[in-house]
Amino acid sequence: MAEIVSLSEAVRQLVRDGDTVALEGFTHLIPVAAGQEIIRQGRLDLTLVRMTPDIVYDQLIGAGCARKLVFSWGGNPGVGSLHRFRDAVEHAWPRPLAIEEHSHAGMANRYVAGASGLPFAVLRGYRGTDLVEHTATIREITCPFTGEVLAAVPAINPDVTIVHAQQADHDGNVQMWGITGVQNEAVLAARSSLVTVEEVVERLEPRPGAVVLPSWSITNVAVVPGGAHPSYAHGYSDRDNAYYRHWDAISRDRAEFGRWLDGIRSGHATTAGV
Amino acid sequence: MAEIVSLSEAVRQLVRDGDTVALEGFTHLIPVAAGQEIIRQGRLDLTLVRMTPDIVYDQLIGAGCARKLVFSWGGNPGVGSLHRFRDAVEHAWPRPLAIEEHSHAGMANRYVAGASGLPFAVLRGYRGTDLVEHTATIREITCPFTGEVLAAVPAINPDVTIVHAQQADHDGNVQMWGITGVQNEAVLAARSSLVTVEEVVERLEPRPGAVVLPSWSITNVAVVPGGAHPSYAHGYSDRDNAYYRHWDAISRDRAEFGRWLDGIRSGHATTAGV
Amino acid sequence: MTVDVSYSTDEMMSVAAARRLHGGSRCFVGIGLPSTAANLARATHAPDLVLVYESGTLGAKPGRLPLSIGDGVLADTADSVVTVPEIFNYWLQPGRIDVGFLGAAQIDRFANINTTVVGRYHKPTVRLPGAGGAPEIAASCGEVVVVVRQSPRTFVERVDFVTSIGYGAGPGDRERLGLRGAGPTAVITELGVLQPDLDSRELVLTHLHPGVTVKQAQAATGWPLAVAADLQRSDPPTEHELVVLRRLQASQAEEAE
Amino acid sequence: MTVDVSYSTDEMMSVAAARRLHGGSRCFVGIGLPSTAANLARATHAPDLVLVYESGTLGAKPGRLPLSIGDGVLADTADSVVTVPEIFNYWLQPGRIDVGFLGAAQIDRFANINTTVVGRYHKPTVRLPGAGGAPEIAASCGEVVVVVRQSPRTFVERVDFVTSIGYGAGPGDRERLGLRGAGPTAVITELGVLQPDLDSRELVLTHLHPGVTVKQAQAATGWPLAVAADLQRSDPPTEHELVVLRRLQASQAEEAE
């Protein structure tokens with residue numbers, strides 16, 4: 001059964017230096033507050049996994065928490081580059097960042113394999129692209145029935161997956177709705193998991209398009225209203241588009257970023273950070 | 001875009017002698033009326049596919065429509081054997097029935113592969129069972145990353161899949177809810193598809209747990225209220241448990257079954273058939 | 001209210017099976033005897049039991065016994081309803097389920113289960129329903145509990161067809177096959193309980209239900225049934241267990257009309 | 001209402017791209033220029049266009065331009081919202097999508113696309129966002145339309161990194177790789193339209209937008225750009241196209257505040 005704890009307690013318990021950590025969210029329900037708590041607690045040498053690393057991954061990378069990024073698309077959606085990510089890849093600042101790069105289809109299937117207890121997944125993918133030669137985790141596999149050659153990718157099984165959802169009940173069952181992306185698979189693929197939620201409700205009212213994660217399939221729940229800011233929580237908050245644009249300015253400059261980081265480390269609210 | 005046609009027209013257009021046909025439904029929403037229309041139209045040499053062949057497959061087999069059954073569990077749920085199925089397998093009556101036998105996990109993954117445009121699927125399955133030696137469509141596959149040996153099964157891509165759903169709208173979009181089993185995958189795996197529905201509504205109201213099949217992903221829709229009888233349509237009808245028990249008596253005896261079949265062929269209502 | 005505290009052997013079987021389920025265990029439930037036992041457990045001593053049915057219902061809390069694996073009452077009361085591919089791939093296969101609860105048409109001394117054919121595969125004497133979810137339930141659940149009525153026709157030296165593996169031909173076979181679950185830990189019948197010997201993996205008689213003799217159990221077994229050194233006697237059903245069991249069954253019978 | 005019928009080159013590009021979409025085509029839409037064009041088409045001549053976004057929204061009908069691939073307006077207006085694994089495995093991979101609408105950071109004469117790095121992979125001059133959904137969109141859609149602003153830095157002899165394959169090194173490469181879709185059929189820029197020559201698969205100039213010269217198009221291309229024998233002139237945006245496009249963009253800008 002999931003235990004309902006504070007965010008700092010959850011991060012302290014579940015995220016360790018050197019861990020493989022996935023904070024998932026597909027422009028919606030991104031667990032930003034949890035990512036900033038990881039920065040605050042000074043975790044190091046993380047392997048960060050995410051299909052669409054955006055601002056919170058830029059922050060983690062800029063803060064020096066990561067040694068490796070496993071991903072398929074890294075950008076500031078609707079704005080442009082992730083400058084801290086680029087600085088790490090292009091100039092090894094503040095430290096070198098290894099990358100393991102896939103397509104969305106490949107990453108999604110890696111989570112599916114992880115959630116399914118399989119060591120790998122098969123897809124029609126990557127053919128003719130230069131990803132094949134640069135990414136060791138793309139191999140060929142031959143269909144034992146037709147002889148056709150397809151792509152294989154290994155399962156992802158993070159040490160911990162963190163996602164944000166709208167609601168939990170008192171038993172720690174979780175419900176999310178709207179665009180739910182690959183979060184179900186990312187949670188089920190992980191050895192442990194944390195779900196930050198907007199609120200705890202008496203009863204999870206069934207909703208169209210909702211994904212329900214039973215309490216016994218997750219490790220910890222933490223109540224963090226607004227924990228997805230600046231992304232949005234369908235039914236709770238809107239996307240803060242200004243933050244995404246402001247982040248471009250902050251992240252372009254190492255000194256500017258350093259000031260932002262000082263603010264985070266000294267515990268300022270994340271929204272006040274811009 | 002799906003065309004809304006009559007049941008007899010749809011079966012005439014989509015189901016041809018020798019076709020591979022899947023009528024799916026997992027105790028819920030079983031497309032029984034469509035199966036009986038296939039009997040009425042006298043289709044022959046079908047390869048019937050279904051995870052859980054039950055009464056309607058017993059009827060199709062007894063009527064001599066099938067030359068092969070691909071399945072994982074064949075019974076009259078809560079009652080006992082399928083006597084027409086047993087008579088075909090044990091005594092080749094009314095004609096021999098080839099069988100290709102899997103587990104539920106294997107069949108489900110065969111549909112998933114079919115829906116995904118992949119030639120095969122991988123699972124942890126079948127190990128230590130005698131299915132491996134009797135079913136040619138179970139092979140081994142080695143993980144290209146870990147060297148682990150797993151089971152592979154080929155995709156199922158029926159010529160036509162038939163399912164029953166609660167609702168369509170005038171554009172032919174379909175919505176089903178409750179236990180939706182493997183129907184989404186079975187439809188997407190097929191070269192053509194027919195969805196019989198309880199009713200056409202002005203607008204598909206989003207519902208918890210619903211699967212929506214866009215009009216452009218299916219071939220035909222036919223309005224057949226009660227088309228899942230004696231199974232049930234969540235929100236529309238209850239399971240007719242008496243029919244399942246009556247079927248046991250009818251199907252035990254070839255002559256009794258013959259009389260039932262005459263009734264069907266002469267166009268009697270299916271419910272009056274018992 | 002007066003309760004008839006005499007009970008049938010089937011009632012004793014369901015009660016004994018229910019007692020094997022505890023706390024918040026996640027239980028993958030087959031229809032029929034296993035479902036009766038699991039629902040009885042949830043309605044008595046194990047209210048937090050998580051019932052998982054292969055139709056895709058996670059955490060079903062039916063108020064009556066479901067009539068089929070896809071009974072609407074399962075969907076209506078579940079924490080979540082997922083697709084059939086998901087239930088097998090995301091929930092069963094990775095080892096998230098503690099106990100698999102299975103029936104059998106034949107079971108042998110190494111707890112291998114047959115639900116496929118009696119006789120030869122291509123020329124069967126009796127064609128049975130087939131595998132369903134059982135092979136992967138038997139492979140992937142933390143442990144497996146079998147509920148089955150005992151007779152020499154059912155309890156055979158060697159099953160005609162291994163639909164779901166127990167301990168194969170004996171010690172080490174599950175490990176060699178790379179199966180993750182521990183395999184069958186108990187076979188509950190209307191006569192008693194059989195459990196695998198830790199060394200030989202052979203099913204031995206560990207419990208007799210009240211009034212049953214070792215001889216009766218042995219006569220109902222198609223191999224020379226060994227008896228555990230510490231053979232125990234099952235407690236008879238309590239009044240509460242009987243009341244709840246009969247209520248569950250009555251509601252099922254009513255629904256089945 | 002008076003409309004300013006003068007228009008920007010970007011407006012012409014969006015209009016030209018929108019015009020390539022017809023009827024009930026299923027269109028896999030990338031964010032940015034492709035999304036603008038697809039929504040413009042749906043709001044003008046192709047109301048039955050089916051917009052599919054990689055966030056899992058099938059048949060989205062946004063009333064304004066979405067700000068991101070996972071904008072809530074897409075979920076609110078979709079026929080169905082599926083998971084990200086499903087959108088790629090069940091909808092894109094089997095070839096259910098007619099048109100893939102992509103952008104590019106670099107594109108070469110064989111319509112290969114780079115969105116990964118400028119420079120060497122391990123020591124890039126510019127690290128770009130990466131592949132996203134593009135490699136499999138380029139492989140599996142019936143055809144691919146690329147919308148991108150034209151310059152010699154973008155239209156290069158050979159891309160630094162093949163993120164998404166067009167025609168590889170020329171004729172036969174897609175077939176050899178077993179790719180199902182036909183590949184890029186048009187590259188729409190603010191200057192005109194490039195299409196692959198049927199024999200050589202090389203991108204040639206087939207349309208010029210009003211007021212643009214062949215010389216300008218060639219100067220904006222990093223390889224010696226061939227010109228089609230039947231070079232055509234695009235019709236300028238209609239008043240209706242401009243009104244709708246500006247309305248869409250205004251509503252996006254408002255939302256973005």
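Throughout, a chain's letter reflects where its sequence line sits, starting with A, and its residues are numbered from 1. Not measured: the values here are computed from a predicted model.
Looking at B/Tyr244, there are no atoms closer than 4.5 Å to chain C (heavy atoms on both sides), in backbone or side chain. Only the backbone of C/Thr125 comes within contact range of chain B, with heavy atoms under 4.5 Å apart. Residue C/Gln93 touches chain B through both its backbone and its side chain, counting heavy-atom pairs closer than 4.5 Å. When heavy atoms are compared at a cutoff of 4.5 Å, C/Glu86 does not approach chain B at all. Of the two parts of B/Tyr232, only the side chain, counted from C-beta on, holds a non-hydrogen atom closer than 4.5 Å to a non-hydrogen atom of chain C. Using a 4.5 Å cut-off between heavy atoms, C/Arg174 makes no contact with chain B at all. Only the side chain of C/Asn89 comes within contact range of chain B, with heavy atoms under 4.5 Å apart. For C/Val126, the parts lying under 4.5 angstrom from a heavy atom of chain B are both the backbone and the side chain.
Inter-residue side-chain proximity for C/Ile87 and B/His104 is flagged as unmet; no heavy-atom pair is nearer than 4.5 Å. Side chains of B/Asn241 and C/Leu67 form a contact here, defined as non-hydrogen atoms less than 4.5 Å apart. B/Leu131 is listed as a side-chain neighbour of C/Phe161, based on a closest heavy-atom distance under 4.5 Å. Counting heavy atoms from C-beta on, the side chains of C/Arg127 and B/Ile99 come closer than 4.5 Å.
Residues B/His234 and C/Gly72 approach most closely at CE1-O, 3.7 Å, considering heavy atoms. In plain terms, the two heavy atoms of C/Ala75 and B/Ile179 that are nearest each other are CB-CG1, 3.9 Å.
When the heavy atoms of residues 106-119 of chain B are compared with those of chain C, the residues falling under 4.5 Å are B/Ala108, B/Asn109, B/Val112, listed by number.
Side-chain atoms of B/Glu90 do not come within 3.5 Å of backbone N or O of C/Lys123 as any donor-acceptor pair. A donor-acceptor pair under 3.5 Å links the side-chain atoms of B/Arg127 to the main chain of C/Leu177, judged by distance alone.
Enclosure of atom CZ in B/Arg95 by more than 12 non-hydrogen atoms of other residues, nucleotides or ligands within 6.0 angstrom is indicated.
Between B/Glu101 and C/Tyr121, the side chains place a donor N or O and an acceptor N or O closer than 3.5 Å (distance only, hydrogens not considered).
Most heavy-atom pairs under 4.5 Å with chain B, from the set C/Pro124, C/Gly56, C/Ser68, C/Pro85: that is C/Pro85.
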